[in-house]
Amino acid sequence: QVQLVESGGGLVQAGGSLRLSCAASGLTFSTDAMGWFRQAPGKEREFVAAVRWRGGDTYYADSVKGRFTISKDNAKNTVYLQMNSLKPEDTASYYCATGRFVSGLGEANEYDDWGQGTQVTVSS
């Protein structure tokens, strides 16, 4: 059974940086991708970034391109999200997810397991 634990959220001023981590346990050889999604109050969950677990290809939402970087450490079963130049509109709960057969990296319904989330608040 896959378990995902996010950490690294917090309160930061606009223009600042945060680094989120997602530690995974129970991953198997069939793990295809890991992604980050976010959900703000009153809004739907939206895709942020994803990475192929074996190949390393990355994919970003247009809203975070050039500001956020997703990376992974296969040996530690951990994926990271470095967030720079943060904006108030980045405020949300950030969730890590993993999937075994992910054709559309930006599609939440293609991911199988989810973490509990970590809150990111960006003040103006």
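Along the sequence shown, residues carry numbers from 1.
- Separating the NZ atom in Lys72 from the CZ atom in Arg54 is a distance of 10.0 Å, to the nearest 0.5 Å.
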Expected list for residues 12-26: side-chain donor-acceptor pairs under 3.5 angstrom, two or more places apart:
unit_1 : atom_1 : unit_2 : atom_2 : d
Ser17  : OG     : Asn84  : OD1    : 2.9

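- Taking all atoms of both residues into account, the shortest heavy-atom contact from Leu81 to Trp36 is CB-NE1, 3.6 Å.
- Shown here for Trp53 and Thr31, the closest heavy-atom pair between the two residues is CB-O, 3.7 Å.
- Partners of Ser30 under the side chain to side chain contact (heavy atoms under 4.5 Å, CB included) rule, at least two apart in sequence or in another chain, are Thr28, Arg100.
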Test salt bridge (Lys or Arg N to Asp or Glu O under 4.0 Å) applied to Lys65 and Asp62, step by step: CA-CA 5 Å; Lys65 279 182 183 177; Asp62 288 342; 3.2 Å; yes

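- Distance check: Gln3 CD to Asp113 CG gives 9.5 Å after rounding to the nearest 0.5 Å.
- Within the 4.5 Å cutoff, the side chain of Arg67 has heavy atoms near those of the Asp90 side chain.
- Within 6.0 Å of CD on Gln116 lie no more than 12 heavy atoms contributed by other residues, nucleotides or ligands.
- Proximity of a side-chain donor or acceptor of Glu6 to a complementary backbone N or O of Thr118 within less than 3.5 Å is not detected.
- With 3.5 Å as the limit, one finds no donor-acceptor pair spanning the side chains of Ser93 and Gln39.
- Tracing side-chain contacts under 4.5 Å through hydrophobic residues (I, L, V, M, F, W, Y), one reaches Leu4 starting from Val51; they form part of the same cluster.
- Here the side chain of Thr91 pairs a donor or acceptor atom with the backbone of Val122 at under 3.5 angstrom.
- The aromatic rings of Trp114 and Tyr95 sit perpendicular, their planes meeting at an angle over 60°, well past the 30° parallel limit.
- Separating the CZ atom in Arg52 from the CG atom in Leu105 is a distance of 4.0 Å, to the nearest 0.5 Å.
- Two residues are said to be in side-chain contact when any heavy atoms from C-beta on lie closer than 4.5 Å; Arg38 and Ser63 meet this criterion.
- Gln119 contributes no side-chain N or O that, together with a main-chain N or O of Gly10, makes up a donor-acceptor pair within less than 3.5 Å.
- Closest of all the heavy-atom pairs between Tyr60 and Ile70 is OH-N, 2.9 Å.
- Shown here for Met34 and Tyr111, the closest heavy-atom pair between the two residues is C-CE2, 4.2 Å.
- At least one donor-acceptor pair closer than 3.5 Å links the side chain of Asp32 to the backbone N or O of Val102.
- Leu86 and Val64 fall within a single hydrophobic cluster, where Ile, Leu, Val, Met, Phe, Trp and Tyr side chains are chained together by heavy-atom contacts under 4.5 Å.
- Note: Phe47 and Tyr59 meet the aromatic proximity criterion, with ring centroids under 6.0 Å apart.
- A pairwise comparison of heavy atoms in Glu107 and Phe37 identifies C-CZ, 4.2 Å as the closest pair.
- Here the shortest heavy-atom pairing between Phe101 and Glu110 reads O-OE1, 3.7 Å.
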Derivation and outcome, side chain to side chain contact (heavy atoms under 4.5 Å, CB included), residues Leu27 and Thr98: CA-CA 9 Å; Leu27 296 181; Thr98 185; 4.0 Å; yes

